[in-house]
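A quick write-up on the structure given underneath.
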Amino acid sequence: MEFKPQSAHAGKTIINLNGCHSNEDKSEGGCGYCHDTKPDAGHTQWGITSRHMSVSDYQKLMDRGWRRCGQYYYKYDFEGSCCQPYTIRVDTGEYRISDSQKKVMKRFNKYLLGEIGLDGKKVEEEKKEPVKQKDVPKQSKDQARSEQLKLICNTVHVSIFSCDPLSDQALQSLVDSSIFSKPRDKELQLTQSWSTNILIKLFHTLGYQSKVEGGMKGLIAKLNNSKAAIEELLGGTPVKIEDSGYLTLIDMTKEDAIMTKSLPIEKKVKQGAEEEQKKDIQMKEEEKGQSDDLNYQQYFKEFAPLKPEQSTKPLKHRYTVQINKAMFDDDSFEVFKKYEEKIHKKIDKSKKSYDRFLCQSPLFDPQDKNESIIDLHTLVKTEPDQSRIRKDEGVWPEHLGSYHMIHKLDGEIFAVGVLDYTPQVLSSVYLYYNPKYEFLCPGIFTAVREIEYMLRIQESGLKPDFKYYYMGLYFQDCQKSVYKASYKPSQVLCPHSNNYIYLTEEVKQAITKEKFPKLCQDKPMIKELALSLQQVNMLTQNFKFYHVGSKQLLRLDALNPRGAEVISQIVQALYVTLGLDIMMTTVFHL
């Protein structure tokens, strides 16, 4: 049967059967995590090779314990390995920044302000006479607005959803984690009106997903029906509930300064006409989804890096961020070489190995016609990057896939995060940085920034389902891996059922006790992997693949007996580890 490669696999994942295997490494130095300190040191893993993988299929693979390194994908056999890696992720809507992570973000801002130098030490400033502050009312606007929001939250929770009143601690936590900003409505921007995302926080924090039909849109509709009651509760203050979920409290009193945010809620910064014009231009860019540094004016967070217009002090250093397609770049490569030499003591990194490891990505977005429709013979002979263009993607890339998030200080590369974008996931592949900035803890800084970036994308309404931050593999007894559990509340993948469970102390104990623990006792294995041996054998007998040499679609019995036996064992393992859905839609070739 002749196979027409271009039409048959448009938008499909392509896997090379020659690159699929089960590998066991029990040699000395076989485990880089425990360094052969455990009995039976070494590991067993399954591996596949794909130069054309859809982002949806890769998201499924990550949720089945797989990770990628360039065009190679691997999954550990827990029982055959001395160390067990768990896929770990954070639901960014639930993320709570820790005290140690706060310190890192505050330290970064101190550097931007020039309060600490490159040696990490405090820079002494000239002493100035203190400026006498004007007396402020006993109850500031910050307190008044906090009380208004608490009142709204309790009213929504009790009157609209018939729940018990929230505690003062719960209400304060909601207020403290919310964003406060100027309204998007231009007519309100020069007034004392203000906006907040507390309704979004309320929705995700208190589990309204199960109480409201239609999700966030359903909540907005429900609140709009009760808007008159909310306004009456606020003493007649008009409110506006945006489609994005933001709540605006309207006060038409003219404002001569800009409120930018958060804990304390209000910081006023005088601006001249030129600065006002500049801000207007920036806001127009953001409406188009474009920004050179991802710091949205409307979504300023407490621990985000400072910008000149958001600081009461002049900044000594400028921080920017840019997203580019994961492609080779000389400046990034030079930083990578310095990082490998200083941090990992490696000096033999070539451009070719860097390109294959962190640039050439097999991931493609089926919505991208240039990459989803590709001839199999062309794919075998060319690298993916040959059809790609490296450009500034703005706030959100045109298509899903692999990208470099490049952080710069004063125009110099500070750190590069290698990231995979899939429909619901931002997966951190690797992070390297300029060693001279090591005192700023780039690993923690960039992880918090990536989580914060995802929150802003969700809250802007751009991609509300883009919510899970994947941190790779978690080895509980490996010091260079346990830090991932500090991004809380984190979830790990149960190796039995392939369902996620929160990484509690109880779960940690279970992981310590057993090599192959059943972490989700109450959940069955996902149906795509729940295949019986009889089903796997039947599927393998009917399995077809594309033979590149003959350009034919063949069954396994077309091979010689030895070849058929080897490939048959590989195919059986693939059904068990990839899942039925991926096997049925993937194009396999030899």
Side-chain angles (χ1 to χ4, degrees), residues 5-16 48-64 66-73 89 92 288-291 294 322-329 355-356 358-376 378-380 382-406 417-430 450 453-454 456-458 460-470 578-579 581-582 584-587:
Q6 186 162 356
S7 59
H9 69 246
K12 293 183 179 181
T13 292
I14 300 173
I15 293 178
N16 181 359
I48 62 174
T49 302
S50 172
R51 303 179 74 177
H52 198 64
M53 173 76 70
S54 78
V55 288
S56 298
D57 281 346
Y58 184 53
Q59 182 172 303
K60 291 177 184 177
L61 287 183
M62 286 191 288
D63 290 335
R64 294 166 194 179
W66 291 82
R67 290 295 287 177
R68 78 170 186 90
C69 178
Q71 300 171 9
Y72 179 71
Y73 307 75
R89 73 181 189 181
T92 53
K288 297 176 184 176
Q290 300 295 316
S291 172
L294 310 182
Q322 184 173 307
I323 297 174
N324 291 337
K325 200 76 174 173
M327 297 177 67
F328 182 86
D329 168 67
D355 195 30
R356 286 186 173 178
L358 298 175
C359 299
Q360 289 182 10
S361 170
L363 302 187
F364 73 94
D365 187 340
Q367 302 298 318
D368 183 356
K369 302 301 182 184
N370 291 329
E371 293 196 18
S372 63
I373 302 176
I374 186 169
D375 181 82
L376 181 59
T378 304
L379 179 68
V380 171
T382 61
E383 298 295 344
D385 282 0
Q386 292 184 13
S387 62
R388 293 172 176 167
I389 300 172
R390 187 176 185 274
K391 62 178 182 178
D392 181 358
E393 297 285 341
V395 171
W396 182 257
E398 186 177 358
H399 297 290
L400 300 173
S402 301
Y403 291 86
H404 289 171
M405 186 176 282
I406 303 172
V418 183
L419 305 169
D420 288 337
Y421 285 68
T422 70
Q424 293 181 315
V425 169
L426 185 67
S427 173
S428 177
V429 179
Y430 198 72
E450 286 159 7
Y453 164 69
M454 294 187 72
R456 293 179 176 186
I457 293 297
Q458 293 168 53
S460 68
L462 197 58
K463 295 287 178 180
D465 295 329
F466 188 60
K467 59 187 294 188
Y468 294 109
Y469 181 64
Y470 282 46
L578 297 187
D581 51 347
I582 293 178
M584 297 301 287
T585 58
T586 296
V587 175

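Fair warning: this is a prediction, and the values are worked out from it, not measured in the lab. All residue numbers in this chain count up from 1 along the given sequence.
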Rounded to the nearest 0.5 Å, what separates atom [atom1] in [X] from atom [atom2] in [Y]?
X	Y	atom1	atom2	result
Tyr421	Met454	OH	CE	9.0 Å
Leu363	Glu371	CG	CD	9.5 Å
Lys60	Leu578	NZ	CG	11.5 Å
Arg356	Phe328	CZ	CZ	14.0 Å
Asp368	His399	CG	NE2	4.0 Å

query = If you measure only the distance, is there a donor-acceptor pair under 3.5 Å linking the side chains of Ser50 and Arg68?
reply = no
Closest approach of [X] to [Y] (non-hydrogen atoms, all atoms of both residues):
X	Y	value
Pro362	Tyr73	CG-OH, 2.8 Å
Tyr470	Arg89	OH-NH1, 3.2 Å
Met405	Leu419	CB-CD1, 3.8 Å
Ser402	Ser361	OG-OG, 2.5 Å
Lys12	Phe364	O-CZ, 3.5 Å
Lys325	Leu400	NZ-O, 4.2 Å

request  = Begin from the C-alpha positions of Val587 and Ile15 and carry the test side chain to side chain contact (heavy atoms under 4.5 Å, CB included) through to its verdict.
outcome  = CA-CA 6 Å; Val587 175; Ile15 293 178; over 6 Å; no
Test item: [X] and [Y] side chains (from C-beta on) under 4.5 Å apart, heavy atoms:
X	Y	answer
Cys69	Val429	no
Met62	Thr422	yes
Asn324	Asp329	no
Asp63	Val425	no

ask   = Which is it for Leu61 and Ile582 under the side chain to side chain contact (heavy atoms under 4.5 Å, CB included) test, yes or no, and what are the steps along the way?
value = CA-CA 9 Å; Leu61 287 183; Ile582 293 178; 3.6 Å; yes
Do any N or O atoms from the side chain of [X] and from the backbone of [Y] form a donor-acceptor pair under 3.5 angstrom?
X	Y	result
Gln59	Gln424	yes
Thr13	Thr586	no
Glu398	Glu393	no
Tyr453	Val395	yes

ask   = Please walk me through it: do Leu426 and Phe466 pass side chain to side chain contact (heavy atoms under 4.5 Å, CB included)?
value = CA-CA 8 Å; Leu426 185 67; Phe466 188 60; 3.6 Å; yes
request  = In sequence, state the C-alpha distance, the side-chain angles, and the governing distance for Arg67 and Tyr58, and then conclude on side chain to side chain contact (heavy atoms under 4.5 Å, CB included).
outcome  = CA-CA 9 Å; Arg67 290 295 287 177; Tyr58 184 53; 4.2 Å; yes
